[in-house]
Amino acid sequence: MHRFGYLGPRGTFTQMALDAWDGADGREQVPFGSVDAALAALRAGDIDAAMVPIENSVEGGVSATLDALATGDPLVVIGEVLVPITFVLCARPGMPLSSVRAVGTHSHAWAQVRGWMSAHLPDAAYVPTLSTAASAAALGAPGDVMFDAGVCAPVAASNEGLVVLADDIGDNRAAVTRFVLVSRPGTLPEPTGSDKTTLVLYQQDDHAGGLLELLEQFAVRGVNLTRLESRPTGEAMGRYCFSIDIEGHVKDARVGETLMGLKRVCADVRFLGSYRRADGVRAGTRPGTSENDFDEARAWLEELRG
Ligand SMILES: O=C(O)C(=O)C[C@]1(C(=O)O)C=C[C@@H](O)C=C1
């Protein structure tokens, strides 16, 4: 693998995630204007992998990524990276804070600085941009821009020669965004004991207790969920699929058994990869759900069957 796409332009938090990814020396970084564009290029074979944001500790799931992975030609996650998020408010030299009337940034970034904005620029209009660094790049280029200031990473402001009007403006100082490295199917990282698996579940039909039935599959095998979101399928009002991250690897017995159970009760199970956890947390196993417990139970059944 050598061509790695990412949500650009340079200076995005996504590029920081790609810089922090340790699996690819000599890689070429290819910026894309949107998550959809990066994943389309990956599906088309123009790049080998793509780094995209999937979840923020303050604003939650990144719908563009969740939806692009849930539909279309299959893709798999092969790794994840956590990046602490720090925002600055930046502008062209000479623009004082008191003159800022409109602020441009990515919608997930805006959600993380809303409190600061209402305290310091309560009347400023919000202008969405495709990434935080895109707002800095627009201000850094000559010509008219629809906003006077941008919210981005400090590195994006300095890349573009902008002045910092305010530092560290995130409402939650502990904000973290989780990024995933996505590739075409065919690469399954080996289990490490500290892994995650990502799935999208489509229900057979809408009925009372439907979600509970899906969750039981995890619960009885001691599989812990680390993220659960419902996303509209787009087919009709009220039709949802479930985007889920669980602890463990598809090669772990309890995860494999869970997937088989889900396959029986769901209309469709989309496997989106098993990969090493960025935080190194090892999955705890409930009594009766260790590899050994499953091996012993399987051997016992084989014996009964003669
Ligand atoms: O705009 C960027 O810099 C991104 O990498 C995207 C993104 C996101 O989608 O959440 C990543 C981290 C921040 O939380 C804000 C924006």
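Counting convention: from 1, in listed order, for ligands and their atoms alike.
- Heavy atoms from both the backbone and the side chain of Ser131 come within less than 4.0 Å of ligand 1.
- By the 4.5 Å heavy-atom criterion applied to side chains, Pro154 and Val164 are not counted as neighbours.
- When hydrogens are left out, the protein atom nearest atom 5 (O) of ligand 1 is Thr14 OG1, 2.5 Å; that is the closest non-hydrogen contact.
- Looking only at heavy atoms of the protein, atom 10 (O) of ligand 1 is closest to His108 CB, 3.3 Å.
- Counting only heavy atoms of the protein, atom 11 (C) of ligand 1 lies nearest to Phe179 CZ, 3.8 Å.
- One finds a salt bridge joining Arg231 and Asp67 here, because a Lys/Arg side-chain nitrogen approaches an Asp/Glu carboxylate oxygen to under 4.0 Å.
- Panel note: side chain Thr12, backbone Gly8; no donor-acceptor pair is recorded below 3.5 Å.
- Of all protein heavy atoms, the one closest to atom 16 (C) of ligand 1 is His106 ND1, 3.7 Å.
- Checking Thr177, Val176, Asn56 against atom 12 (C) of ligand 1, the nearest heavy atom belongs to Thr177.
- An N or O contact shorter than 3.5 Å links Gln112 to ligand 1 by distance.
- No option in Glu291, Arg298, Glu296 other than Arg298 meets the side-chain contact (heavy atoms from CB on, under 4.5 Å) test with Phe294.
- Of the heavy atoms in Leu7, only side-chain atoms (C-beta onward) come closer than 4.0 Å to ligand 1.
- When each of Val255, Thr258, Leu259, Ile246 is paired with Arg221, the side-chain contact (heavy atoms from CB on, under 4.5 Å) condition holds for Thr258 and for no other.
- Taking distance alone, with nitrogen or oxygen atoms compared against 3.5 Å, Thr12 stays at or beyond that limit from ligand 1.
- In terms of polar-atom proximity, Phe87 is not counted as a contact of ligand 1, lacking any N or O under 3.5 Å from an N or O of the ligand.
- The single protein non-hydrogen atom nearest to atom 1 (O) of ligand 1 is Thr132 N, 2.7 Å, given as residue, atom name and distance.
- Residue Ser274 is tested with Thr197, Thr198, Asp252 for a side chain to side chain donor-acceptor pair (under 3.5 Å); the sole match is Thr197.
- In this pair, Trp110 and Tyr126 present their aromatic rings parallel. The plane angle is below 30°, not in the 30 to 60° band.
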